[in-house]
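Please read all numbers here as calculations on a predicted model, not as lab measurements.
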Amino acid sequence: MLTLRHARQSRSLLSPPSAATATTTVVLSSTASDPSYHNPSTSHLSLSPGTNGSNLALYFREWFMSRKAPLYDSIFETLRTHDGASSDAALSRFNLRLSQTLVLEVLNYNRKDVLSCLKFFDWAGRQQGFFHTRATFNAIFRVITKAKMTDLMLDFLQNYAKYSYNGKTMYHDILVIGYAIAGQCETALAVFGRMRFRGHDLDPVAYNVLLNSLVEEGHFDFAESVVKEIKIRGRVGHVTHSIIMKSLCKQNELERAEEYLRGLLNDDRAKVNGFAVSIFVTALCKSNQFRRASMFIEEFKGLGLDMMEGAYSAWIGGLVKAGKTDHALEFFKDKQGVEEYVPDVFRFNALICRLLRENRLEEVYDLLIEMNKHGVVPDDVTMNAVLCFLCKAGMMETATGLYDSRVEFGLSVNRMAYNYLINTLLGEASVEESYRVLKNSLEQGYFPGERTLSIVADALCREGKLDKMKELVKFVLDQNFVCNDFIYDKFISAFCRFDRVEEGYLLHDLLTKLNKTSRKFAYYSLIHGFCRSNRADLAARLLIEMQESGYRPSRRLFRAVICCICKMHKPENQFFRLLEMQLARSQLSHSVTYEIFIDGAGHALKPELAFQVYEMMRRSGLIPTLTPTILLLQTYLKSRKVSHAVQLFCELSMRWGKRKLWHVMIIGLCKIKEPDYASQMLENMQLAGKIPSIQCYEELIKLYCDLGQYHDAVVLLNDMTRIGRHISSFIGNVFLLHALKGRELYDAWASSSARLNLTPTSWMLGHLIGIFSGCIEGNHLDEDIETLVQQCFEIDLYTYNMMLRRLRVKGIDYAYRLFHGLREKGFEPNRWTYDTIIHGLAREGRDAEARIWMNEMLARGFGDKPTQKCLA
């Protein structure tokens, strides 16, 4: 008969490959990182020349396979693939010699496969000559409870209670054990009472299980009663003493616990076991009494007790939990060197996981080698730690290879390993691979967390992998994973961004049916998406739905929807229907609503609709204020209905006489490129005794320059400065920009200066125009241009960029000095600034320097293909 113990022992211990030999050097450099923000570029594992990633993968693969037993793998495969009679027949072919040991090993081999364990337990109980024992029942109960299948456990016990085993003492023992393990202590005590009434008693195993359950659930009074019963019957053993110690420590009665332990030691050393000692050491560590725990361990060690492995493990575990990793490692190495102490797999795992959190990869690697060297069989936690280690070390090919072999190893990947795999793959720009791992994680029932899911969602959205996005959303919803609605909103926005707004809307509609409300930015994305595709009906519907969800749309969003409606063949019905719906809502005042629709109609170049809204406002009893009236005036101007605008302006100026009306007319006429009307309006404004704003001068001067009417621009500038107006940065920059284009502006200024009496400010700006256009040369180029500009108007970054272009003609080194000067004065260069320097360097053949500047520009987010072409 082959047992698990024999199967494992039949495999010789793996000797470490070159990765673990003395000639192998492991160099690891890293920084502490969170699994969700791991940067693989900061951690690297480099082995000696004889060792590579494939050797390390083979090393770990063979070590993981050492935990496998081929016979038990075959049994579980049979249980998974057969049912009923076919399963019985298939299992019979193994010719198993059933015993308690064999059944226990099979059940403990793969506890996560609960259904197969139940099928095997049932099959074994029906085989001739074999009877389940308390130990086998205990094992199956623990398989069920560990899987948190409490309902299944209770059903099992209720069905078992129906069997006619009343004449057998074990019948009651099993029920007590089962209910105790399931946490149903009251039921277990009730069964215990009934069996005592019938003259039956529990055996030591059942007593200890019941006692332990009472202690775990905190029923200490009942536990003391059970202890008395055990003592009366003389069934106190090592396990009972350990549970009593656990009870005292759980109640934080550490003095009584120590007294009890020393009493056992004085009475009979044989009564003291390692588990009782480890419980007390663990309790001391939890209460932060590390010095006392250390002295206690050394004292008991000095007594020559052969039970210190448990105490050592508890001490290491306590130190690790408290974050005292260095002390734990030092203790481990000391005991290993002196006493050849080898921790169990749980303590190794605790140390490794803590070191991984601290990013101490060299020590993680050493501990993994130690585990293999001493024949410690890895479990799921160990294998997950190896995956995390490889991710942190930047060995993703090895990590993904082991991950893909997880079924072969019987590995269940945990949440931490999934997070490391997914985030590290994303860090290496392997979006599809990280998505594959994420999908596998979800299929296995592991939700890696909203942060990781959000990171993957961002990557999918960024790269436009819309089909995978749809697949992921469908899977998450089908499996009822609870995740933040923000992730769904990201997908909706991504669909809209890539012009697949219908699919985004379908997802939004599905989420609405599931009582999930989209966020404000998702509504914005959908509405703008439908506006771009001229689906005014859906855009308007979503606008209303957005308001019903408690969000207030911006004026810009209203404007987009209204403009979309106005593009329809006959927009009037839809336009006024939406207006009526908005007036019926209490979210905005009626006057604001009318203003929004006048503004929207104006931007859509529908002045007739804007006028109708204006008239509706007056008929409703609201007296239009200046704001809606100005909006209507701007609507006429945008639609180039100048006569209507002038007529309305005359009416309004007689009613209000506001200076702002003149500004709206002048600026609006400039926007539609009507310089004659704008100039006449400016003169009339001055005749009316009103001073034009600086923006009026700015817009008209810019229009004159754009149309090449430089003489008019110079005359207007001179008039402006004559009345005491300063030259704004905007006006100065406009003149300098056109000066850089050629000498026409300077010629107009020279001609005007001969006929006009120029103000000093106008004359100074003209001098600058001559320098920037190249008409004034010689010593003037050696002047401090920056000082000249400052004397004329206030310098901004736009001005500096033009000065750079001018100085570049003289030499790129002059532009260099100005570039560093503008930074010293607190200005941040933009794309145009870098573009000027890069082109200047390229023209002088200094390509290496130009590439350095271009890399800096790209690093600051100023990507520009034309700039890169100059270095192609």
Side-chain angles (χ1 to χ4, degrees), residues 1-17 57-83 86-125 127 130 132-133 135-144 146-147 342-346 348-349 368 371-387 401-414 444:
M1 177 182 64
L2 180 64
T3 65
L4 175 59
R5 181 167 54 254
H6 296 150
R8 287 175 176 169
Q9 290 176 351
S10 65
R11 300 179 61 91
S12 59
L13 290 177
L14 293 170
S15 58
L58 178 63
Y59 172 62
F60 283 127
R61 179 185 297 276
E62 294 206 1
W63 185 34
F64 292 169
M65 289 300 294
S66 69
R67 67 197 292 266
K68 302 295 286 179
L71 171 62
Y72 297 160
D73 283 331
S74 300
I75 290 174
F76 274 92
E77 181 64 24
T78 300
L79 292 166
R80 280 191 292 267
T81 56
H82 293 77
D83 288 312
S86 63
S87 177
D88 288 358
L91 288 172
S92 298
R93 297 191 188 101
F94 288 104
N95 294 319
L96 299 174
R97 293 171 57 189
L98 288 178
S99 66
Q100 174 180 287
T101 302
L102 176 64
V103 173
L104 290 176
E105 290 195 346
V106 172
L107 293 178
N108 291 325
Y109 184 71
N110 189 0
R111 290 187 174 189
K112 294 181 179 179
D113 191 349
V114 180
L115 180 59
S116 296
C117 288
L118 285 170
K119 289 167 67 176
F120 182 80
F121 182 86
D122 177 64
W123 173 81
Q127 302 309 301
F130 178 78
H132 280 300
T133 64
T136 58
F137 273 105
N138 192 4
I140 193 63
F141 291 157
R142 296 197 181 279
V143 168
I144 297 172
K146 190 170 184 179
V342 179
D344 58 22
V345 66
F346 306 107
F348 266 119
N349 288 341
L368 291 170
M371 287 182 72
N372 193 346
K373 175 183 175 182
H374 291 288
V376 179
V377 179
D379 61 6
D380 276 352
V381 177
T382 314
M383 293 188 287
N384 279 286
V386 169
L387 288 178
L402 293 174
Y403 168 76
D404 290 336
S405 301
R406 61 191 181 281
V407 176
E408 181 184 356
F409 305 143
L411 166 63
S412 295
V413 183
N414 63 19
Q444 296 299 318

Point to revise | Distance under 6.0 Å and angle within 45° of ring axis: Arg406 vs Tyr403 | key: yes

Report yes if some heavy atom in the side chain of [X] is under 4.5 Å from a heavy atom in the side chain of [Y]; otherwise report no.
X: Leu71; Y: Phe94; answer: yes
X: Met371; Y: Asn349; answer: yes
X: Leu79; Y: Ser87; answer: yes
X: Val377; Y: Val345; answer: no
X: Leu411; Y: Leu387; answer: yes

Check your understanding: Does CZ belonging to Phe346 count more than 12 external heavy atoms closer than 6.0 Å?
Key -> no

Exercise for review: Check step by step if side-chain contact (heavy atoms from CB on, under 4.5 Å) holds for Ile140 and Leu118.
Suggested key: CA-CA 7 Å; Ile140 193 63; Leu118 285 170; 3.9 Å; yes

Drop me the distance from [X]'s [atom1] to [Y]'s [atom2], to the nearest 0.5 angstrom.
X: Arg97; Y: Asn95; atom1: CZ; atom2: CG; value: 11.0 Å
X: Ser405; Y: Met65; atom1: OG; atom2: CE; value: 9.5 Å
X: Asp113; Y: Ser412; atom1: CG; atom2: OG; value: 10.0 Å
X: Asp122; Y: Gln127; atom1: CG; atom2: CD; value: 9.5 Å
X: Leu115; Y: Lys119; atom1: CG; atom2: NZ; value: 5.5 Å

Exercise for review: Please determine if Lys68 and Glu408 form a salt bridge, counting it only when a charged side-chain N lies under 4.0 Å from a carboxylate O.
Suggested key: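 No salt bridge links Lys68 with Glu408.
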
Check: [Y] main-chain N/O paired with [X] side-chain donor or acceptor under 3.5 Å:
X: His132; Y: Gly125; answer: yes
X: Arg67; Y: Phe409; answer: yes
X: His82; Y: Leu91; answer: no

Practice item. Can you label the angle between the Trp123 ring and the Phe120 ring as parallel, tilted or perpendicular, going by 30° and 60°? Key: tilted

Exercise for review: Please work out whether the ring planes of Phe76 and Tyr109 are parallel, tilted or perpendicular, with thresholds of 30° and 60°.
Suggested key: tilted

Check your understanding: Out of Val376, Leu368, Asp379, which residue meets the side chain to side chain contact (heavy atoms under 4.5 Å, CB included) rule with Phe348?
Key ->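 That would be Val376; it is the only one of Val376, Leu368, Asp379 passing the side chain to side chain contact (heavy atoms under 4.5 Å, CB included) with Phe348.
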
Point to revise | Of Ile144, Val143, Leu107, the residue whose pairing with Phe121 passes side chain to side chain contact (heavy atoms under 4.5 Å, CB included) | key: Leu107

Which atoms form the tightest heavy-atom contact between [X] and [Y], and what is the distance?
X: Leu402; Y: Ala57; result: CD2-O, 3.9 Å
X: Ser99; Y: Phe130; result: C-CE1, 3.6 Å
X: Asp83; Y: Ser86; result: O-OG, 2.6 Å
X: Thr78; Y: Ala90; result: CG2-CB, 3.2 Å
X: Arg61; Y: Gly401; result: NH2-O, 4.2 Å

Practice item. Might you work through the side-chain contact (heavy atoms from CB on, under 4.5 Å) test for Thr382 and Phe60, ending with a clear yes or no? Key: CA-CA 11 Å; Thr382 314; Phe60 283 127; over 6 Å; no

